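The analysis underlying the following values was restricted to heavy atoms, covering all of them including side chains, and did not include hydrogens, waters or symmetry mates. Predicted, not measured: the structure shown is a model, and the values here were computed from it.
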Amino acid sequence: MSIAAEPIIYGLIFVAILVLVNGIYLVAFGKSISLNSRVNRRLEMLEKGNNREEVLEQLRKEMTQHIKSQRIPLYSLLANKAQKANIAFTPSQLIVVMGVLSGVAFFGLTFGTTASAPVRLAVAVAMGVGGVYMWITKKANKRLALLEEQLPDAVELMVRSLRVGHPFSSAVNIVAKEVPDPLGTEMGVISDEVAYGRDMGETLKEMADRIDMQDLRFLAVAVTIQQQAGGNLAEILAGLAKVIRARFKLFRRVKAITAEAKWSGMFLSGFPLVALVMINVIQPNYYDDVRETAVFIPACLIVAVFLVANIIVMRRLVDIKV
């Protein structure tokens, strides 16, 4: 039994691409860009001596640059995810990173495989673009999950601040100082914008629309209604915090209940592909006897169609909306 090394080399190069793009990002912006930092990025930029207006301008640019670049060909596939992940790279820098990673992949494929130049070029471009897309998707999902987890505690902190006599703008500023990223920097930008004269309800609504998060829309609507009709904002936000926390618990419960079905769907969708790869790794000549027959290519296309249909159907079956 002979084991083919090329499929393993393809996998190792793709993993190296994922590691490299994250390394480039950390080198370019430092550890403050990481969501695991206890001190949020805005405060760290201010502590380094940057002017408050410059920090606000830089953060606002990062928060809106991707959504403004959706008209760039092919970049629209990344723009929405990059916006939610709040990637600090500009769109042009991301495109350059894709090109660099594609070049690195092509270099690795040239020395590690015997594939023809057109195949190496196509695979290298797919790895460069696909690696960046997977990296952005992972960061976006992690950031949204952290925002959902941080929001109830942040709203309760606002409630406590309001009850001891602070105005709402001061309560938001306290959240911006006490809460780590990603919510800390988001609230810090809102605090700075309000300090320069922008309406609080408008800034909250813009943040909710940019992140596309329903709980933030609830917060923006509650603050806007209180500004127009009056009332006890502390009590309103206390009730909102309970609703958000209850929704968060419900989502976690549904996620736990459907976890087995989702993993079963992932297994049934991925097993045929894994089996195909393993057959080619363990026995590269397995299909040699039938490769030259007239029905081989049509049979491969039919199998590919069924595999895609299987993935779509299984995803629909386990994608439960709450």
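D289 meets the salt bridge (charged side-chain N to carboxylate O under 4.0 Å, His left out) test with no other residue; sequence neighbours excluded. Residues satisfying the side chain to side chain donor-acceptor pair (under 3.5 Å) criterion with E156, sequence neighbours excluded, are R245. With sequence neighbours excluded, no residue forms a side chain to side chain donor-acceptor pair (under 3.5 Å) with R252. In this view, K81 satisfies the side chain to side chain donor-acceptor pair (under 3.5 Å) rule with no residue, not counting sequence neighbours.
Taken from OG in S102 to CD1 in I17, the straight-line distance is 7.5 Å, to the nearest 0.5 Å. Here the CG-CZ distance, from L162 to R160, works out to 11.0 Å after rounding to the nearest 0.5 Å. In this structure, E206 CD and I211 CD1 are separated by 10.5 Å, a value rounded to the nearest 0.5 Å. Atoms CG and CG, from L146 and N141 in turn, are 11.0 Å apart once rounded to the nearest 0.5 Å. If you take CZ on R210 and CG on L216, they are separated by 9.5 Å, rounding to the nearest 0.5 Å. Expressed to the nearest 0.5 Å, how far OG1 of T224 lies from CG of L219 amounts to 9.0 Å.
When every heavy atom of T90 is checked against every heavy atom of H66, the shortest pair comes out as C-CE1, 4.4 Å. The two atoms that bring N40 and V179 nearest to each other are ND2-O, 3.2 Å, heavy atoms only. Between A117 and F106, the shortest heavy-atom contact is O-CE1, 4.0 Å. Closest approach of N173 to S191, counting heavy atoms only: OD1-OG, 3.4 Å. Scanning all heavy atoms of the two residues, the minimum distance from A171 to S161 falls at CB-CB, 3.8 Å. Pairing each heavy atom of Q65 with each of F89, the nearest pair is NE2-O, 3.0 Å.
Two different hydrophobic clusters hold W263 and F271 under the rule that ILVMFWY side chains link at heavy-atom gaps under 4.5 Å. Y287 and V303 fall into different hydrophobic clusters, where Ile, Leu, Val, Met, Phe, Trp and Tyr residues are linked whenever their side-chain heavy atoms come under 4.5 Å apart, directly or through other members. No chain of hydrophobic side-chain contacts below 4.5 Å, direct or via other Ile, Leu, Val, Met, Phe, Trp or Tyr residues, connects V27 to L94. Note on V132 and L26: same hydrophobic cluster, where clusters join Ile, Leu, Val, Met, Phe, Trp and Tyr whose side-chain heavy atoms are under 4.5 Å apart, directly or indirectly. Under the 4.5 Å side-chain heavy-atom criterion for ILVMFWY residues, no single connected hydrophobic cluster contains both V221 and F168.
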Exercise for the section: Let me see the working for V55 and N51 under side-chain contact (heavy atoms from CB on, under 4.5 Å), right down to the final yes or no. Expected result: CA-CA 6 Å; V55 172; N51 185 277; over 6 Å; no
Practice task
Apply side-chain contact (heavy atoms from CB on, under 4.5 Å) to the pair V290 and V295, showing each step before the final yes or no.
Solution key: CA-CA 9 Å; V290 296; V295 297; over 6 Å; no
Practice task
Take M134 and F14 through the side-chain contact (heavy atoms from CB on, under 4.5 Å) test and state the conclusion after the steps.
Solution key: CA-CA 11 Å; M134 286 184 62; F14 187 68; 3.4 Å; yes
Exercise for the section: Give the intermediate values and the outcome of side-chain contact (heavy atoms from CB on, under 4.5 Å) for residues K139 and W135. Expected result: CA-CA 6 Å; K139 290 189 73 68; W135 173 73; 3.4 Å; yes
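With hydrogens and angles disregarded, a donor-acceptor distance shorter than 3.5 Å links the side chain of Q150 to the backbone of P180. Under a 3.5 Å cut-off, the side chain of T64 and the backbone N or O of R60 do form a donor-acceptor pair. With T203 contributing its side chain and M200 its backbone, the two residues share a donor-acceptor pair below 3.5 Å. Under a 3.5 Å cut-off, the side chain of E193 and the backbone N or O of R198 do not form any donor-acceptor pair.
Salt-bridge formation is detected for the pair D192/R42: a Lys NZ or Arg NE/NH1/NH2 atom is positioned less than 4.0 Å from an Asp or Glu carboxylate oxygen. One finds a salt bridge joining R217 and D212 here, because a Lys/Arg side-chain nitrogen approaches an Asp/Glu carboxylate oxygen to under 4.0 Å. Ion pair E57/K61 not flagged as a salt bridge, since none of the NZ, NE, NH1 or NH2 atoms sits closer than 4.0 Å to an Asp/Glu carboxylate oxygen. D181 and R143 are not joined by a salt bridge, as no carboxylate oxygen comes within less than 4.0 angstrom of a charged side-chain nitrogen. Of the charged side-chain nitrogens involved, at least one lies within less than 4.0 Å of a carboxylate oxygen, so that R41 and E62 count as a salt-bridged pair.
A heavy-atom distance below 4.5 Å is not found between the side chains of V172 and V194. Side-chain contact between D199 and Q227 is present, with at least one heavy-atom pair separated by less than 4.5 Å. Between F306 and L301 the shortest side-chain heavy-atom distance does not fall below 4.5 Å. Taking the side chain as every heavy atom from C-beta outward, R247 and E148 never approach each other to under 4.5 Å. Residues F107 and V104 fail the side-chain proximity criterion, which asks for heavy atoms closer than 4.5 Å. Contact of the L151 side chain with the F248 side chain is not registered, since no non-hydrogen atoms from C-beta on lie closer than 4.5 Å. Residues Y196 and R52 form a side-chain contact, since some pair of their non-hydrogen atoms from C-beta on lies under 4.5 Å apart.
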Only distances under 3.5 Å count here; give the side-chain donor-acceptor pairs of residues 232-243 to other protein atoms, sequence neighbours excluded, each with its distance to 0.1 Å.
| unit_1 | atom_1 | unit_2 | atom_2 | d |
| --- | --- | --- | --- | --- |
| N232 | OD1 | A234 | N | 3.1 |
| N232 | OD1 | E235 | N | 3.3 |
| E235 | OE2 | R163 | NH2 | 3.2 |

Could you pull out all donor-acceptor pairs under 3.5 Å where a side-chain atom in residues 118-131 meets a protein atom, sequence neighbours excluded?
| unit_1 | atom_1 | unit_2 | atom_2 | d |
| --- | --- | --- | --- | --- |
| R120 | NE | T110 | OG1 | 3.3 |
| R120 | NH1 | A115 | O | 2.5 |

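Less than 6.0 angstrom separates the ring centroid of Y25 from the ring centroid of F29.
Within a 6.0 Å sphere centred on CD of Q214, other residues, nucleotides and ligands contribute more than 12 heavy atoms. At most 12 non-hydrogen atoms from other residues, nucleotides or ligands lie less than 6.0 angstrom from OH of Y286.
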